[in-house]
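The structure under discussion appears below in the form of structure tokens.
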There are 2 protein chains.
Amino acid sequence: MPSPTLSDVAREAGVSLATASRAFNGSATRTVRPELRDRVRDAAARLGYTPDANAQAMARGRSSALGLVVHDIADPYFSSVAAGLGEAAEAEGLVVTLASTRTDPVREVEVVELLSRQRARAIVLAGGRLDGGRSDAVLTAALTRYVDGGGRVATVGQPLGDLPCVRIANRDGARDLAAALCGLGYRDVVVLRGPVGHQTADERTQGLLEGFAAHGVEVPGERVVTGDFTRDGGYGAATGVLPVLRGRPGTAVVAVNDVMAVGAMAALRDGGLDVPAEVAVAGFDDIATLRDVVPGLTTVRLPLQEIGAAAARLALADDPAQQVVVRGEVVVRASTPPRP
Amino acid sequence: MPSPTLSDVAREAGVSLATASRAFNGSATRTVRPELRDRVRDAAARLGYTPDANAQAMARGRSSALGLVVHDIADPYFSSVAAGLGEAAEAEGLVVTLASTRTDPVREVEVVELLSRQRARAIVLAGGRLDGGRSDAVLTAALTRYVDGGGRVATVGQPLGDLPCVRIANRDGARDLAAALCGLGYRDVVVLRGPVGHQTADERTQGLLEGFAAHGVEVPGERVVTGDFTRDGGYGAATGVLPVLRGRPGTAVVAVNDVMAVGAMAALRDGGLDVPAEVAVAGFDDIATLRDVVPGLTTVRLPLQEIGAAAARLALADDPAQQVVVRGEVVVRASTPPRP
DNA sequence: TTGTATGCGTTATCAT
DNA sequence: ATGATAACGCATACAA
């Protein structure tokens, strides 16, 4: 009834435990006679033997798990990154251990601790801190223990210390988006900037403002509004600026990510405004599930799956700390028609 | 530099290994004097001790991992289920190990094998076989070995043997949806049925046809078309029936899931048809990310997160095999306006 | 209450 | 090429 062990297999095959072990992970130096090897494998098949990864991890001193920490796996941004990371992990023969933080800095540290216990080969931190670095100290401490213990870490989007990081050119992408909007003729702008202290949101906001300014479009402070980095956050933020928008037809509402943008669109419609006739909307990320919405959402396309895969490779590489930077590409769609 | 072990902690605290161990998992019977307990914990903190989950798994005979196998974590259906399962796992102090099959039956078996190696406490199979049971034998064999070894299994959506299962009332939901559409006045229908052999797709298709028939609406075979269970599958299938739809304004195109429905909407628009003025569209699942699309997508709402959580509980419960059945709720939106 | 000793399943280091 | 045997880090049965 219990899983047969390698000893069982060895006995069944009439060989020693050591030989049985070698029959599976046949190293180059320590090879085993083909005949015996087959005998062991047959015995294993007959018994339904399944190696115990925990025992292997202990004996080898390293596990076969790759940790991924996200805010919320139901968020399409993270699930896309997870998909890419999963493929990379599979290619390396690793399993991925998933942990969600729900944007709670405390939970984030717990989660790193959790993955440390698993002796995960590496940890990829997607989605970063939101308290503007206040919790970085504790997190860094936890990560340092982990790294000192032999673990590897990579982050995506949010550089942390000098850890390897898949940097996303948020500022550049946002600047390009702003430029594109200016090129379309937009002069009045509202920015849904997300939560203050959210690094990705901050960078994108900064890029947008810079981009607009470069084209002579100044965005007054009261038209830069905060909100959660979620659909509801976008909805709420857009609802708040409804009065402003009513007074200025042809304004572009730019959210720092797609789900916020979609929430904003809903709020604008609920407020009686026509998108894009009266208000334009743009986002960031180019979430796959949202590519068919009407009007098509103008956004900055990010290769999320590749980003996940790149993060995995970075975390697994034994090179010194590296930085990969991926740049987004502006995709103009119908949500931001030209304004003459 | 390497992670300190419990022995290190014990030495540092001046107690035995056993006491150190008990200081952490203080059982009811085997309690340790508070003073010593604190001394051990202090020593652990001082050294930066982190228990080794692999070693614990081996010593305890059971790991702290919960396996989840999905087709594709980037699919919003699965990512929502994963989110719910993740919360349930967290509540049980378990980590979730994620594995994707990309709908490959071979890979599915590999993945079960992989999770068996991890000695996962339980495996939740979300998203089922697609080859109409042809690969069930191998899969069942793998699962049987796993269960015989002490593992627990639960499936979501697809009963397998008499394993615990979160059943989704696909037929009922589909029947309800069909009834709702009939109530709105639809008499001409096209069903995008997904892939033949995909149990969920099959059940929903069957329910739709039954529901329509119950209201006197027969759907001829040539208006029941196949396609992948994906956005592109919906797009392709809808493209194929474009001629039919052009000839029959007021037809309802019902896809067996939301992402197919969205793909279909795109195809219909690309084909020059107005949705919903000329063609109505409906889906199934009520994917959160799609709730703000315009026109609002008529669908059957499924509590995906709860389903994931329920599956986790079912898999973890030590009760004998159970069945939980969750029923969807029809949500009528603007994509299927009344047809007088 | 605390300590000693054993075992968990595997890999790896020795001999042979 | 193969076989004993010692780790690996922890939990626990048993002894004190």
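Naming: A, B, ... by sequence-line order, numbering from 1 per chain. All values below come from the heavy atoms of this structure, side chains included, with hydrogens, waters and symmetry mates left out. Because the structure is a prediction, the values reported are computed rather than measured.
Rounded to an integer number of Å, the gap from CZ of Arg11(B) to C1' of dG3(C) is 16 Å. What separates CZ of Arg39(B) from P of dT1(C) is a distance of 16 Å, to the nearest Å. We find that CZ of Arg62(B) is positioned 17 Å from P of dC10(D), with the value rounded to whole Å.
Salt bridge status for Glu113(B) with Arg145(B): present, with a side-chain N to carboxylate O gap under 4.0 Å.
One N or O on the side chain of Arg39(B) and one on the backbone of Ala13(B) form a donor-acceptor pair closer than 3.5 Å. At distances below 3.5 Å, not a single donor-acceptor pair connects side-chain atoms of Arg102(A) with backbone N or O atoms of Asp72(A). In this structure, the side chain of Ser21(A) does not engage the main chain of Leu17(A) through any donor-acceptor pair within 3.5 Å.
Side-chain proximity of Leu36(A) to the nucleotides dT1(C), dT2(D), dG3(C) is greatest for dT2(D).
Regarding contacts with the backbone of dG3(C), a side-chain N or O of Thr19(B) is found under 4.0 angstrom from either OP1 or OP2.
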*Reading nucleotides 5-11 of chain C 5' to 3', which nucleotides get B (base under 4.0 Å from a protein heavy atom), which S (sugar-phosphate only), which -?*
--BBBBB
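Residue pairs meeting the ring pair (Phe, Tyr, Trp, His ring centres under 6.0 Å) criterion with at least one member in residues 52-76 of chain B, sequence neighbours excluded: His71(B)-Phe78(B).
Considering Thr97(B), Leu66(B), Leu98(B) as possible partners of Leu115(B), the one that fulfils the side chain to side chain contact (heavy atoms under 4.5 Å, CB included) test is Thr97(B).
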